[in-house]
Colleague: 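Quick one: the structure is below, and I'll ask about it shortly.
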Amino acid sequence: MPVRRGHVAPQNTFLGIIIKKFEGQNKKFIIANARVQNCAIIYCNDGFCEMTGFSRPDVMQRPCTCDFLHGEFTNRHAIAQVAQALMGSEERKVEITYHRKDGSDFLCNTHIIPVKNEEGMVMMFILNFDYILEEDSSDSLEGLNHTLLGSTSDSHLNRYSTINKIPLITLNFSEANNDKKCPSPPSSEKAIIAPKVKDRTHNVTDKVTQVLSLGADVLPEYKLQTPRMDKLTILHYSPFKAVWDWLILLLVIYTAIFTPYSAAFLLNDLEEQKRRECGYSCSPLNVVDLMVDIMFIVDILINFRTTYVNLNEEVVSHPAKIAIHYFKGWFLIDMVAAIPFDLLIFGSGSEETTTLIGLLKTARLLRLVRVARKLDRYSEYGAAVLMLLMCIFALIAHWLACIWYAIGNVEKPYLEHKIGWLDNLGVSIGKRYNYSDPSSGPSIKDKYVTALYFTFSSLTSVGFGNVSPNTNSEKIFSICVMLIGSLMYASIFGNVSAIIQRLYSGTARYHLQMLRVKEFIRFHQIPNPLRQRLEEYFQHAWNYTNGIDMNMVLKGFPECLQADICLHLNATLLQGCKAFQGATKGCLRALAMRFKTTHSPPGDTLVHCGDVLTALYFLSRGSIEILKEDIVVAILGKNDIFGEMIHLYAKPGKANADVRALSYCDLHTIQREEILEVLDMYPEFADYFLSNLELTFNLRDESGKVNTDGLTDRHMEGQKDGWIGGWMDGWTM
């Protein structure tokens, strides 16, 4: 995937940085636009709403003098100071008593901070509010009067820094400023607590268990059943069974590697013979094999108490039925693989007994059949299949190397002419066999490495001939190895290209779709800025969804299941929005089916001024700005709603502003006709919904023109001065 170029659309990153930094310091603040009528509030954070009891829709577009917080204990002189600071565009701290929505009062320190652009014109005001108890906590904003944010946005922030008599604004709050924590709000202030999220720990455990479990019949939906079981019965999907299956798998892999090696190389080794003469416990390998046998026997007992899923997709937990099912299945193979043959016939001492032990111990390899059946579940993962095939190839080469050595070792004493591959190996490495000395000849390490080298070279059909078969038995075995190698080469390495192609299928689909986008751009001759936005949006959308059309996937399920999925996808919205809390389960399902989720990158315009308002928008992630004539009139964040009050108008209106994404945004939208249809189907919910629906910003154009039409900067300054000055005169002592 090509390197992301970044978004080329214009972005208001300054406001986003301010909001992010203030939110990170748990401030209670509002932002007002000095370029609009009455210096309207364009953003207030959750801390301010919790402090005052007013919701964001109650605050947005109100004058930044915060007259809605005034009450009987609000001092007139403090009000005049706030108004004077706003009119004079000067920084000031004012100690003032405000009143919450419920009427209770609180004392706070209001810090008024004007922000100017590079031309020295006031663009906005930031008002920060801190509780005051015994000690003034507003000192936490002293860091605002030193340096700008030390980041890649310095040059951009400097354009908005205040000049002349207004100190520079800092967004780089030091940790020392946090030492004085804001006092806790009074008891009358109610904390806004989000709906409790359902504990999903058990779901995570179930998912991990499903992935780790080697049982072929593990399906998560079976866990919904609650059969009555004996306390000693083990669920086939339990974490214990998953861990136990992986432990048995490791033991089977150990058996598959060391059992052939021990049977071929170690049974006739002099050192191993001395250990056997010493006793069974003198050989570490015997002790390990005994422990493996014990674990296999315990596994048989566990399988007699493990549930299974029958043909009717029911979990069977009855002990007698479990035993019968196990007897009919894998019991015989597991039993033969668990018999400790070397322990049963240990001490006989004859050469025939030693050979018999080696042959009987290979019965443990029968467990590989069961493991292969369990590993079949990972066949859908290309990387896992590729790794599995390589391991199988190496394991088969190991087995064949053990057989190749066994053939040479058995034939060596009976050859009249010493032409076997072991004799040739001894000559080539200078370790000739002396038949009067049993310890002469190549070491076990030399013999195993050479045998493994021969089998790998024969299986891959690239043998060099330096290890060659000479006797008839060796030649017959070499023919068989080459036949096996040709089949393995075709089945394993022939599928490598297909597996790799499947691994990169997503990349291939991405390039195909990108090619279509570029052909579309070329055919319609789309200009460069818009072309870059198209390509960037496609790249981000692909990374976000991995090229999967979620709506098409959803349509593949039955309608009842679609409703459950949609209810889950929109659960946060439906549970957190006050307007939906009075809905029944059926009403929520109907609403969830009609919601559409959209994702927008920064700079993307969601609604243009003059567009017909055909939907309600619920912002679930990110932040957006609302602009009138390129002037920011509001900044909305998580859980905000914008659109129009659909129940007040018979026909949809037109938007009075542009709506543009400030960051990556997720929005839930529902069409006007569809929500009216649901309200018509559920009239008992309609009244509750319409009375509790609070738009953070109403986009409907009532007058047909925006407030700032035809107003110059000087007109706006004069209007602001006249409004604040006249209002202040009425309150000045």
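Any value given below was found using the heavy atoms of this structure, including those in side chains, with hydrogens, waters and symmetry copies removed.
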Colleague: Between R589 (side chain) and K585 (backbone), is there a donor-acceptor pair under 3.5 Å?
Modeller: no

Colleague: Are any side-chain N or O atoms of S663 and backbone N or O atoms of S623, one a donor and one an acceptor, separated by less than 3.5 Å?
Modeller: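 Pair found, side chain donor or acceptor close to backbone of S623.
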
Colleague: Can we say K27 and D130 salt-bridge, meaning some charged N sits less than 4.0 Å from an Asp/Glu carboxylate O?
Modeller: no

Colleague: Using 30° and 60° as the class limits, which term best fits the ring planes of Y43 and F29: parallel, tilted or perpendicular?
Modeller: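 Y43 vs F29 ring planes: tilted.
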
Colleague: Under the side-chain hydrogen bond (donor to acceptor under 3.5 Å, both in side chains) test against R621, which residue among D666, N639, T572 passes?
Modeller: D666

Colleague: May I ask you to test the S600-L606 pair for a side-chain heavy-atom distance under 4.5 Å?
Modeller: yes

Colleague: Starting at CG of N570, measure out to NE2 of H568 and round the result to the nearest 0.5 Å.
Modeller: 10.0 Å

Colleague: In terms of side-chain geometry, is the basic nitrogen of E50 or K28 positioned less than 4.0 Å from the acidic oxygen of its partner?
Modeller: no

Colleague: Determine whether a donor-acceptor pair (N or O, by modelled atom type, separation under 3.5 Å) exists between the side chain of D611 and the backbone of H608.
Modeller: yes

Colleague: Once rounded to the nearest 0.5 Å, what's the spacing between atom CZ of F580 and atom CG of L591?
Modeller: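 Answer rounded to 0.5 Å: 5.5 Å.
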
Colleague: Yes or no on side-chain contact (heavy atoms from CB on, under 4.5 Å) for I42 and E625, after CA distance, side-chain angles and deciding distance?
Modeller: CA-CA 9 Å; I42 62 174; E625 59 180 352; over 6 Å; no

Colleague: Between R100 (side chain) and M51 (backbone), is there a donor-acceptor pair under 3.5 Å?
Modeller: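 Such a contact is found between R100 side chain and M51 backbone.
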
Colleague: Looking only at the side chains, is there a donor atom on one of H99 and D105 sitting less than 3.5 Å from an acceptor on the other?
Modeller: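 H99 vs D105: no donor-acceptor pair found between side chains.
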
Colleague: Would you call the rings of Y131 and F106 parallel, tilted or perpendicular if under 30° counts as parallel and over 60° as perpendicular?
Modeller: perpendicular

Colleague: Can you label the angle between the F642 ring and the Y617 ring as parallel, tilted or perpendicular, going by 30° and 60°?
Modeller: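 It falls in the parallel class, under 30°.
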
Colleague: What distance separates L69 CG from F54 CZ, expressed to the nearest 0.5 Å?
Modeller: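 Going from the CG atom of L69 to the CZ atom of F54 covers 5.5 Å.
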
Colleague: Can any side-chain N or O of T696 pair as donor or acceptor with the backbone N or O of I641 at less than 3.5 Å?
Modeller: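 The answer is yes, because a donor-acceptor pair under 3.5 Å joins these two groups.
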
Colleague: Are more than 12 heavy atoms from other residues, nucleotides or ligands located less than 6.0 Å from atom CD of E559?
Modeller: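 Counting other residues, nucleotides and ligands, CD of E559 stays at 12 neighbours or fewer.
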
